[in-house]
Chemist: 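Just passing along the structure, written as structure tokens.
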Number of protein chains: 2
Amino acid sequence: MAKKQIKKSYHHGHLRDALINAALKLIEKKGVKGLTLREIAKHAKVSHSAPYRHFKDKADLLTAVAVEGFETLVKETHKRFETVSGDPLSRFRESGLAYIDFAIAHPSHFRVMFGLGENRQQTPPALKKASGESFRILLDSIMACQEKTYIKAGDPMELALCAWSIVHGFATLYIEGYIKKYDYEGNQRLKEMITDNLYLGLHIKP
Amino acid sequence: MAKKQIKKSYHHGHLRDALINAALKLIEKKGVKGLTLREIAKHAKVSHSAPYRHFKDKADLLTAVAVEGFETLVKETHKRFETVSGDPLSRFRESGLAYIDFAIAHPSHFRVMFGLGENRQQTPPALKKASGESFRILLDSIMACQEKTYIKAGDPMELALCAWSIVHGFATLYIEGYIKKYDYEGNQRLKEMITDNLYLGLHIKP
DNA sequence: AAAATAATGTTGACACCGGCAACATTATTT
DNA sequence: AAATAATGTTGCCGGTGTCAACATTATTTT
């Protein structure tokens with residue numbers, strides 16, 4: 001509720017969040033490549049050097065944006081769980097579809113979430129945590145499915161990795177333009193086919 | 001064979017290729033992000049503006065690098081086909097493993113091959129063609145498998161997309177550091193598990 | 001063969017970018 | 001009230017992509 005302050009003071013008050021939001025807006029509009037620290041600062045109505053009081057450098061800001069992405073992905077996935085039966089298999093399936101839909105809805109944001117690697121020595125802890133929580137959803141639903149023998153036995157970690165791979169691969173190929181021949185309904189079908197093929201691979205009973 | 005010329009002339013002779021090679025070397029060493037047009041030119045012993053006689057801009061050069069990547073991927077896949085039985089199922093499997101191994105062996109190059117999308121209006125024709133030839137391998141082996149009823153019936157295009165998705169997703173997640181807990185042998189196992197899970201999804205007979 | 005033209009490479013400039021240091025202003029602690 | 005920390009600004013630096021103007025060489029035309 002400390003949001004509607006009249007901005008008159010020298011200090012901004014919520015600059016860190018404002019910068020992340022500005023970055024998000026600019027990313028959606030102009031993509032990651034054209035994203036500039038100075039333009040972000042300008043949008044937050046602050047000088048070009050101000051961001052350095054809140055972020056070590058540009059990559060650090062982008063890491064925060066990526067974290068934000070994983071967090072909203074988790075939120076949206078949970079929201080979609082409520083629109084579907086409590087059956088663990090339905091949840092498993094829904095988590096994959098939510099992942100793909102998120103990527104398609106926010107391609108640039110999605111790229112930031114995964115396009116930071118770039119010879120990085122190691123993943124920043126905040127990012128590791130956020131992405132881990134997203135992965136956790138997949139892992140949990142797989143284990144729940146295993147308990148009901150919907151999914152074959154085996155290291156759930158590895159099975160989850162397989163599941164993640166297929167939805168991530170599809171999402172990536174889609175937003176990079178390698179899957180285009182199908183209109184929206186066609187893609188809807190494709191998405192389902194992907195999860196179905198995966199299920200066949202992990203299923204016990206058809 | 002026109003390669004061993006004494007370089008003394010004002011004109012370079014093979015500058016286009018030289019630039020692509022220089023870019024490849026620099027990409028392997030310093031990653032995509034740190035890649036600079038001026039440094040590429042310097043490595044090719046040419047002024048910072050010379051590349052513009054052969055490429056429209058930096059993105060155009062990177063597109064050429066991406067094309068080169070798909071071409072060598074195709075070559076390496078064919079090479080590996082010779083190390084394996086002529087059975088279409090073995091070839092199908094080998095094409096997936098070759099894809100993953102290529103990405104792991106040349107992560108930066110792989111990123112260039114897929115990291116250009118970035119709100120691109122449409123894929124450049126040369127890139128579309130090169131990537132299409134790579135996809136063609138997958139498509140052909142799937143159709144060959146279908147003829148022998150190794151793989152279930154259905155639009156081979158969609159099945160190939162599923163196969164591509166899973167290996168591409170795994171490769172991407174691996175090089176971005178999201179799959180790290182396993183040493184090399186472990187990953188070998190994982191790679192095989194991925195293709196195996198995929199096969200179970202596409203198989204007719206176990 | 002000479003001249004005209006095209007292709008290819010160089011130099012120098014421009015605006016912009018990320019990042020840093022030095023300084024200004026405001027919050028917080030002592 | 002004074003000292004200190006936090007936060008924001010200004011000005012600068014080297015480096016980058018790109019372009020225009022110019023230089024040199026290759027190719028085509030006459």
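We name chains A, B, ... by the order of the sequence lines, and we start the count at 1 in each one.
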Chemist: Return a table of donor-acceptor pairs under 3.5 angstrom between the side chains of residues 59-76 of chain A and protein atoms on other chains or two or more places apart.
Modeler:
from: A:Asp60; atom 1: OD2; to: A:Lys56; atom 2: N; distance (Å): 2.9
from: A:Thr63; atom 1: OG1; to: A:Ala59; atom 2: O; distance (Å): 2.9
from: A:Thr72; atom 1: OG1; to: A:Gly69; atom 2: O; distance (Å): 3.2

Chemist: List the atom pairs, with distances to 0.1 Å, where a side-chain N or O of residues 23-31 of chain A and a protein N or O form a donor-acceptor pair under 3.5 Å, not counting sequence neighbours.
Modeler:
from: A:Lys30; atom 1: NZ; to: A:Glu39; atom 2: OE1; distance (Å): 3.2
from: A:Lys30; atom 1: NZ; to: A:Glu39; atom 2: OE2; distance (Å): 3.3

Chemist: Any donor-acceptor pair under 3.5 Å joining the side chain of B:Ser49 to the base of D:dT18?
Modeler: no
Chemist: Check the angle between the aromatic planes of B:Phe110 and B:Phe114 and answer parallel, tilted or perpendicular using the 30° and 60° thresholds.
Modeler: tilted
Chemist: Can you measure B:Leu19 atom CG to D:dG17 atom P for me and round it to whole angstrom units?
Modeler: 13 Å
Chemist: Rounded to whole angstroms, how far apart are CG on B:Asp60 and P on D:dG17?
Modeler: 14 Å
Chemist: Between residues 52-59 of chain A and DNA chain D, which residues have a heavy-atom gap below 4.0 Å?
Modeler: A:Arg53, A:His54
Chemist: Need one value for B:Thr36: base, sugar-phosphate or nothing, where a base atom within 4.0 Å counts as base even if backbone is also close, heavy atoms only.
Modeler: sugar-phosphate
Chemist: When you measure from the side chain of B:His48, which nucleotide among C:dT11, C:dG9, D:dG8 comes out closest?
Modeler: C:dT11
Chemist: Side chain of A:Val46: nearest nucleotide among D:dG8, C:dT11, C:dG18?
Modeler: D:dG8
Chemist: Closest to the A:Arg38 side chain: C:dG9, C:dC17, C:dT10?
Modeler: C:dC17
Chemist: Given atom CG of B:Asp17 and atom C1' of C:dT8, what is their separation to the nearest angstrom?
Modeler: 15 Å
Chemist: Using atom CG of B:Leu15 as one end and atom C1' of D:dT25 as the other, report the distance to the nearest whole Å.
Modeler: 14 Å
Chemist: Going by distance alone, is a donor N or O of one side chain under 3.5 Å from an acceptor N or O of the other, for A:Trp164 and B:Tyr178?
Modeler: no
Chemist: State, with a plain yes or no, whether a side-chain heavy atom of B:Glu158 is found less than 4.5 Å away from one of A:Arg189.
Modeler: yes
Chemist: Check the distance between D:dG8's C1' and A:Ile40's CD1 and give it to me in whole angstrom.
Modeler: 17 Å
Chemist: What's the CD-C1' distance between A:Glu39 and C:dG18, to the nearest Å?
Modeler: 14 Å
Chemist: Would you mind reading off the distance between B:Lys42 atom NZ and D:dG14 atom C1', rounded to a whole angstrom?
Modeler: 12 Å
Chemist: Counting Watson-Crick and G-U wobble pairs whose two distances are both under 3.5 Å, find the runs of 3 or more in a row that involve DNA chain C.
Modeler: C:1-30 with D:1-30
Chemist: Of all residues at least two apart in sequence or in a different chain, which pass the side chain to side chain donor-acceptor pair (under 3.5 Å) check with A:Ser85?
Modeler: A:Ser90
Chemist: Answer yes when A:Arg136 and A:Asp140 have at least one side-chain N-carboxylate O distance shorter than 4.0 Å, and no when they do not.
Modeler: yes
Chemist: Got a sec, which residues hit side chain to side chain donor-acceptor pair (under 3.5 Å) with B:Arg93, two or more places apart in sequence or on another chain?
Modeler: B:Asp196
Chemist: So, are A:Lys191 and A:Asp101 salt-bridged, with charged N and O less than 4.0 Å apart?
Modeler: yes
Chemist: Figure out the CZ/P separation between A:Arg16 and D:dG8, and round it to whole Å.
Modeler: 13 Å
